[in-house]
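Comments concern the structure below.
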Protein chains: 2
Amino acid sequence: MSARLIDIARKTGYSVSTVSRVLNQKPGKYPVHEKTQKQILAAAEELGYRPNIIARNLRLRKTREIGMVVPDISKRFFSFLVKIIAKHLREFDYKMIVYDADEDTGIEKDAITNLLAKKVDGLIVCPVGVESRHLEQTIQSGIPFLTMDRCFEHLKADSISVDNYNGARIAVEYLIAEGHHKIGVIHGLQGTWPNEMRLKGYQDALKQAGIKAEKRYNQCDSFGTFNGYLEMHQMLRLDDPPTAVFFAGGYILLGALKAIREKNLNVPRDISFITFDDPTYAMQLTPPISAVAQPIEEVAAMAVKLLLRRMAEPDADIENVLLQPQLIVRDSVAKLI
Amino acid sequence: MSARLIDIARKTGYSVSTVSRVLNQKPGKYPVHEKTQKQILAAAEELGYRPNIIARNLRLRKTREIGMVVPDISKRFFSFLVKIIAKHLREFDYKMIVYDADEDTGIEKDAITNLLAKKVDGLIVCPVGVESRHLEQTIQSGIPFLTMDRCFEHLKADSISVDNYNGARIAVEYLIAEGHHKIGVIHGLQGTWPNEMRLKGYQDALKQAGIKAEKRYNQCDSFGTFNGYLEMHQMLRLDDPPTAVFFAGGYILLGALKAIREKNLNVPRDISFITFDDPTYAMQLTPPISAVAQPIEEVAAMAVKLLLRRMAEPDADIENVLLQPQLIVRDSVAKLI
DNA sequence: TTGTATGCGTTATCAC
DNA sequence: GTGATAACGCATACAA
């Protein structure tokens with residue numbers, strides 16, 4: 001068993017409160033005799049004293065912990081987000097407790113419940129994205145709360161996300177500008193906010209250019225690699241396949257590339273590709289794939305800023321921040337004009 | 001403020017202890033009147049009671065939490081490991097608290113200290129890998145403890161890792177079997193266990209085949225993409241560059257591919273590649289890259305098994321488990337014979 | 001400058 | 001069956 005305040009107290013002959021005061025060192029708050037301090041500090045060192053955080057948290061009714069829930073930590077977007085946010089929080093002397101919801105609203109709900117029961121000082125949730133009732137309840141609990149990425153429009157809470165709509169739109173507008181008219185889309189999980197926004201961006205870009213959105217050019221299922229693989233094959237089986245395809249996520253792209261290889265086709269000679277997300281490998285592929293990059297670091301920084309503001313001013317106006325993604329042109333789109 | 005036991009007690013007229021008993025429901029332990037139970041359960045429901053985990057943990061001196069520290073959660077190897085381990089632990093009703101050490105031993109040390117102070121029931125550390133004194137101290141504290149991946153040989157603790165030595169060895173033996181003699185290596189951070197083991201595997205494979213390990217064919221710096229890029233360029237500048245290169249990590253490969261593209265060279269026509277690690281994109285590259293895959297899921301499962309065993313039997317013999325990686329042959333190695 | 005007493009919310013031991 | 005009561009380890013208001 002590790003040393004407690006009372007062990008130091010006994011060893012030095014002082015009381016627990018004196019020991020506590022010395023070890024916490026509120027600047028100039030309580031004056032303690034210098035000799036006393038030295039003895040106590042020495043004893044603490046010798047016993048290897050480490051404060052019991054549980055007891056302290058219970059007493060202070062503060063934890064200096066921020067809870068975070070992500071739908072899939074094995075995806076780089078989220079693990080990187082987690083990393084950067086944790087790093088920022090560290091500067092403010094906050095720890096982060098992350099839970100992986102494994103794309104399951106039930107687990108997400110449990111995670112939030114647990115975090116609330118752990119009395120974290122703030123909560124960041126990247127919702128799985130299909131249900132939000134439990135989030136409403138969480139907001140009611142009054143905890144400083146922030147949704148990220150797969151936000152819900154109706155939720156009365158701060159939020160930060162990437163402008164999925166506009167990102168998709170500039171990607172497709174770029175394809176059109178290069179002379180493409182038969183443009184396909186392979187998107188991800190229906191009903192999720194980013195997916196719907198990306199799809200809408202695609203559709204609006206076509207509409208604006210006077211191009212009809214063909215149903216057969218529209219495939220979807222999930223954001224996974226296997227989905228990309230299957231749907232790409234399906235699209236290639238069409239009598240008049242599209243000349244260019246927009247992918248709603250980097251994993252979809254990966255699967256589509258596999259399908260392309262199997263058909264011995266060449267990008268961009270036979271078909272042009274552009275993807276939402278800019279995974280690390282995109283620029284290393286042959287050819288390097290043009291992409292719409294999400295500003296993850298800015299998202300992380302803004303998240304911390306918003307949450308800390310909410311913690312400092314619980315009654316501040318709700319902010320819903322939308323960050324702009326960036327088009328990165330590489331060599332995967334053929335110029336048709 | 002959320003409801004406490006005492007709020008339910010006041011509302012129903014029963015005492016705190018009765019309320020606690022009902023809410024914890026030890027099977028057949030304490031008999032409580034059925035009517036009482038119903039009233040209390042109803043009141044709890046109505047007040048939205050959630051037990052305060054901090055108070056409970058303090059009282060029970062158990063947290064049902066496992067701490068985990070990884071050097072870089074944004075790397076897929078670790079984020080995936082975290083995900084799978086957390087999933088397994090969930091089945092045993094344990095939560096996981098993960099911290100990212102950001103490849104910094106100082107942060108790793110702080111993280112461990114904090115986890116210990118939080119009184120987690122067990123601790124899994126994937127060490128940054130350059131220093132281990134603080135790990136020895138951790139072991140002394142008596143907490144069920146496990147190192148993973150970048151283990152230290154001298155540490156008296158359970159450990160689980162991939163056989164980096166053998167993985168590198170079978171990769172290089174494969175290159176030799178295909179007729180290569182001028183074989184380069186670009187490895188990662190010197191002094192870390194996986195790196196040294198992979199390097200030694202490379203060297204021993206050459207030695208066994210009677211091939212001298214040329215110093216100019218050996219480059220290193222870190223496991224990063226940029227390192228791979230620079231070192232590959234350097235190797236290509238040699239008068240007689242190697243005909244095949246073994247990379248100690250998937251990110252290094254990515255950088256090397258970029259260098260290759262810039263020189264307008266072709267894999268495997270001009271040079272052959274094989275890499276340790278099998279990142280998701282390896283099979284989608286052109287050509288698909290042959291690789292040595294780490295059995296991440298087995299590692300995760302074994303980690304949980306070892307830790308739970310240690311928690312159940314603190315005095316069991318120390319186990320150091322080594323799992324075998326697997327050679328995955330794709331199209332990135334030319335047959336020279 | 002230091003000590004005493006109290007409470008944070010829970011569970012467990014004991015008595016009734 | 002149920003209720004007082006005492007910890008768990010810490011930080012603070014108040015006394016001395």
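Values below: every heavy atom of this structure, side chains too, minus hydrogens, waters and symmetry copies. Just so we're on the same page: letters track the sequence lines, and every chain starts at 1.
Here the P atom of nucleotide dA11(D) and the CD1 atom of Ile8(A) are 11 Å apart, to the nearest Å. Between the OH atom of Tyr14(B) and the P atom of dC16(C) there is a distance of 22 Å, rounded to whole Å. Rounded to an integer number of Å, the gap from Lys118(B) NZ to dG9(D) C1' is 16 Å. We find that CG of Asp7(A) is positioned 10 Å from C1' of dG9(D), with the value rounded to whole Å. For Asn24(B) and dG9(C), the CG to P distance is 17 Å, given to the nearest whole Å. Nucleotide dT2(D) holds its C1' atom 17 Å from the CD atom of Glu34(B), rounded to whole Å. What separates CG of Leu47(B) from C1' of dG9(C) is a distance of 15 Å, to the nearest Å. Summarising the geometry, the separation between CD1 on Ile6(A) and C1' on dA11(D) is reported as 14 Å, rounded to the nearest angstrom.
A salt bridge does not link Lys62(B) with Asp121(B): none of the charged nitrogens is closer than 4.0 Å to a carboxylate oxygen. With respect to Glu46(B) and Lys11(B), a salt bridge is recorded, a charged nitrogen being found less than 4.0 Å from a carboxylate O. With respect to the salt-bridge test (charged N to carboxylate O, under 4.0 angstrom), the residues Lys305(B) and Glu298(B) do not qualify. Look at Asp72(A) and Lys83(B) and you find a salt bridge, because one of the NZ, NE, NH1 or NH2 atoms lies within 4.0 Å of a carboxylate O, short of that distance. Ion pair Asp104(B)/Lys109(B) not flagged as a salt bridge, since none of the NZ, NE, NH1 or NH2 atoms sits closer than 4.0 Å to an Asp/Glu carboxylate oxygen. Ion pairing of Arg150(B) with Glu108(B) is absent here, as no side-chain N (NZ or NE/NH1/NH2) approaches a carboxylate O to less than 4.0 Å. Salt-bridge annotation for Arg56(A) and Glu65(A): absent, with no side-chain N of the basic residue lying under 4.0 Å from a carboxylate O of the acidic one. The pair Lys156(B)-Glu136(B) fails the salt-bridge criterion, with no side-chain N (NZ, NE, NH1 or NH2) lying under 4.0 Å from an Asp/Glu carboxylate O.
For the pair Ala55(A) and His33(B), nearest-nucleotide mapping onto DNA chain D gives the more 5' position to His33(B).
Between Thr18(A) and dT2(C) there is no side-chain N or O to OP1 or OP2 distance below 4.0 Å. Remark: Arg61(A) is not in phosphate contact with dA11(D), judged by side-chain N or O atoms under 4.0 Å from OP1 or OP2. The side chain of Tyr49(A) places an N or O atom within less than 4.0 Å of a non-bridging phosphate oxygen (OP1 or OP2) of dC10(D). Contact between the side-chain N/O atoms of Asn52(A) and the OP1/OP2 oxygens of dC8(D) is not found at any separation under 4.0 Å. Contact between the side-chain N/O atoms of Ser17(A) and the OP1/OP2 oxygens of dG3(C) is not found at any separation under 4.0 Å. Look at Asn57(B) and you won't find any side-chain N or O under 4.0 angstrom from OP1 or OP2 of dC8(D).
Base engagement by Leu58(A) is indicated by at least one non-hydrogen atom pair under 4.0 Å involving a base atom. Residue contacts for Val16(A): at a heavy-atom cut-off of 4.0 Å it reaches no nucleic acid atom on any strand shown. Counting any heavy atom pair closer than 4.0 Å across all strands shown, Ile54(A) reaches no nucleic acid atom.
In this structure, the nucleotide among dT5(D), dA11(D), dC8(D) sitting nearest to the side chain of Ser20(A) is dA11(D). Here the side chain of Arg56(A) is nearest to one of dG9(D), dA11(D), dT2(D), namely dA11(D). Here the side chain of Leu5(A) is nearest to one of dG3(C), dA11(D), dG9(D), namely dA11(D). Between dT12(D), dT2(C), dC8(C), one nucleotide has an atom nearer to the side chain of Leu60(A) than all others, and that is dT12(D). Each of dA4(D), dT2(D), dG9(C) was ranked by its minimum atom distance to the side chain of Arg59(B); first place goes to dG9(C). In this structure, of dG9(D), dT2(C), dA12(C), it is dT2(C) that holds the atom nearest to the side chain of Arg21(A). Here the nucleotide nearest the side chain of Arg4(A), chosen from dA12(C), dT2(D), dC10(D), is dC10(D).
Where the helix from dT1(C)-dA16(D) to dC16(C)-dG1(D) starts and where it ends, the local axes point in directions that differ by 50°; five pairs per end, rounded to 10°.
Side chain Thr36(A) to base dT2(C): no donor-acceptor pair is found below 3.5 Å.
Not a single salt bridge (Lys or Arg N to Asp or Glu O under 4.0 Å) links Glu297(B) to another residue, sequence neighbours left out.
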